[in-house]
Structures are given as C-alpha cells and as structure tokens.
Amino acid sequence: MSNHDLAAALENADLIFDRRSLEREIARMAVRIRNDYAGARPVYLTVMHGGLPFAAQLAMELGQRGLDLEFDYLHATRYRGATTGADLVWKHRPATPLRGRRVLLADDIVDEGHTLHAIRAWCLEQGAAEVRIAALAVKAHDRCVEGLCADYVGVEVPDRYVFGYGMDFHEQGRNLPAIYALR
Ligand SMILES: O=P(O)(O)OC[C@H]1O[C@H](OP(=O)(O)OP(=O)(O)O)[C@H](O)[C@@H]1O
Ligand SMILES: Nc1nc2[nH]cnc2c(=O)[nH]1
C-alpha cells in the first residue's frame, strides 16, 4: 500500500473540471486545430504518460472533423511520480522522421513549461518544419519558462497540484475522468 493514498487525496481535493466540461473544451480546441491544419496531415505526438487520455479524446474530435493524424508518441518526464519537478529524463523518443513535418504535441499540462520547451526544441533539432503544442491545461502562475506558450489550451487550472484526466497523484488517479486540485 502506497504512503500516498488516492482516496485520502480525493478527500483533500476540489473537483475543478468535470468530464463533460473538459470534453466540451477539447471539442472547441479541435475546431481551431482542424481549421489551422486544413489540407495537412500532422505528426501527432502524444506525450506519455499524462497526455494519453487527452490526446485520445482530441484525436477522436479531430477525426470526426476530417483531420487525419499520423500517430507517434514520446515519453519525457521530470516529475516521475513526485509533486515537484526535477531534471528531464527521456524514456522514449518517437521513431517517425520529423524532417519537414508539421508536428502537433499533445500533453496534459503546461506547468513550468520545461518539459514541453525541451521536447519542442528536440523536434526542431530533428528538422520539424513547425511544432505546435496542444495542452489540456495550463497552470496559472508566472513561473513558466520564457517563450513557452501552448498554441491550443483547454482550461486554466489554479496554482495547486492537480490530478486526474491523465495527470497522476503519485502515479495514481490518471484515469479519473475529471481534474482535481489538492487543497
Ligand atoms: O511544465 P512542466 O513543469 O515541465 O510540467 C509538465 C509536465 O509534467 C507532467 O509530466 P511528468 O514529468 O509528471 O511525466 P508523466 O506524464 O509521465 O506523469 C506533464 O505530463 C507534463 O509533461
Ligand atoms: N499530476 C500533475 N503533474 C504535473 N506536472 C506538472 N505539474 C503537474 C501537476 O500539477 N499535476
């Protein structure tokens, strides 16, 4: 049994976005993305693990609107189950050649922005023609890396540790269909 009990965390957290409101925001985001990528077939990179539920939901909304995607994924982590960030560790890099391609990154959250900043830089080093970021959530504070800004954002979350809809509480709770913020 983990020291970090999910049931206790839920008791000590506020539900800030339920599934219906998140999926409504994802559908809105899909309309913008589909319009921006008309005639294109982007490489769609899911940032594991946290980006998985959001990336799946967004992909379906895009497919419904006629935008085809080339799927691949990567895993770069700096939290590794903890609630504060450290150095970024790459666990998997995408196999798809990125040279000359339009890349769309799908991740759950931009907090301090270090993760997506490094991932975007790596994609550009690989020769990507363009890299855009779709994030389910951005955290409201002024500690974000300069120059890192998501192109497509679902919701803004408070400056508290959040979990659910892909985001973990000590590697638990990723498949909760809502976002919670610890008090
Ligand atoms: O903006 P930052 O402060 O860099 O934090 C955001 C990153 O943190 C989380 O990943 P994490 O390192 O927890 O890996 P995980 O997706 O495997 O949980 C999240 O999925 C983002 O990728
Ligand atoms: N689960 C989770 N992961 C994060 N990575 C960066 N910030 C957060 C956060 O608030 N919650």
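All values reported here derive from a predicted model rather than from experimental measurement. Order of listing sets the numbers, starting from 1, for every ligand and every atom in it.
- Under a 4.0 Å criterion applied to the non-hydrogen atoms of Ile109, ligand 1 contributes the atoms 6 (C), 19 (C), 21 (C).
- Among Arg174, Glu112, Met48, Met167, the residue whose heavy atom lies closest to atom 18 (O) of ligand 1 is Arg174.
- Checked by atom type, the side-chain pair Tyr152/Arg32 shows no donor-acceptor distance below 3.5 Å.
- Close approach of ligand 1 to His75 is summarised as follows: ligand atoms under 4.0 Å from at least one heavy atom of the residue are 17 (O).
- Ligand 2 places these atoms under 4.0 Å from at least one heavy atom of Val162: 1 (N), 2 (C), 9 (C), 10 (O), 11 (N).
- Side-chain polar atoms of Asp111 and His141 form a donor-acceptor pair below 3.5 angstrom.
- Ring to ring, His92 and His75 are not that close: their centroids are 6.0 angstrom or more apart.
- Classification of the Tyr44-Phe71 ring pair by plane angle, with boundaries at 30° and 60°, yields tilted.
- Ring orientation note: the planes of Phe169 and Phe163 are tilted relative to one another, at an angle of 30° to 60°.
- Which parts of ligand 1 touch Asp168 is read off a 4.0 Å heavy-atom cut-off, strictly below it: atoms 18 (O).
- Note: His4 and His170 have parallel aromatic rings, judged against thresholds of 30 and 60 degrees for the angle between ring planes.
- Residue contacts with ligand 2, taken as heavy atom pairs separated by less than 4.0 Å, involve Lys139 solely via side-chain atoms from C-beta onward.
- Annotation for ligand 1: atoms under 4.0 Å from non-hydrogen atoms of Arg78 are 2 (P), 3 (O), 4 (O), 12 (O).
- Checking side-chain atoms of Arg174 against main-chain N and O of Met167 turns up no donor-acceptor pair under 3.5 Å.
- Annotation: atom 5 (N) of ligand 2 to nearest protein heavy atom, Tyr79 CE1, 3.5 Å.
- With values rounded to the nearest 0.5 angstrom, Glu25 atom CD is found 4.5 Å from Arg28 atom CZ.
- If you check which protein heavy atom lies closest to atom 7 (N) of ligand 2, you get Asp111 OD2, 2.7 Å.
- Tyr165 and Asn175 form no side-chain donor-acceptor contact under 3.5 Å, judged by distance and modelled atom types alone.
- Here is the list of ligand 1 atoms found below 4.0 Å of a heavy atom in Asp108: 19 (C), 20 (O), 21 (C).
- For atom 11 (P) of ligand 1, the nearest non-hydrogen atom from the set Leu105, Thr115, Thr77, Leu116 belongs to Thr77.
- Ligand 1 lies out of reach of Gly51, whose nearest heavy atom is not under 4.0 Å from it.
- Considering only non-hydrogen protein atoms, atom 3 (N) of ligand 2 sits nearest to Tyr161 OH, 3.5 Å.
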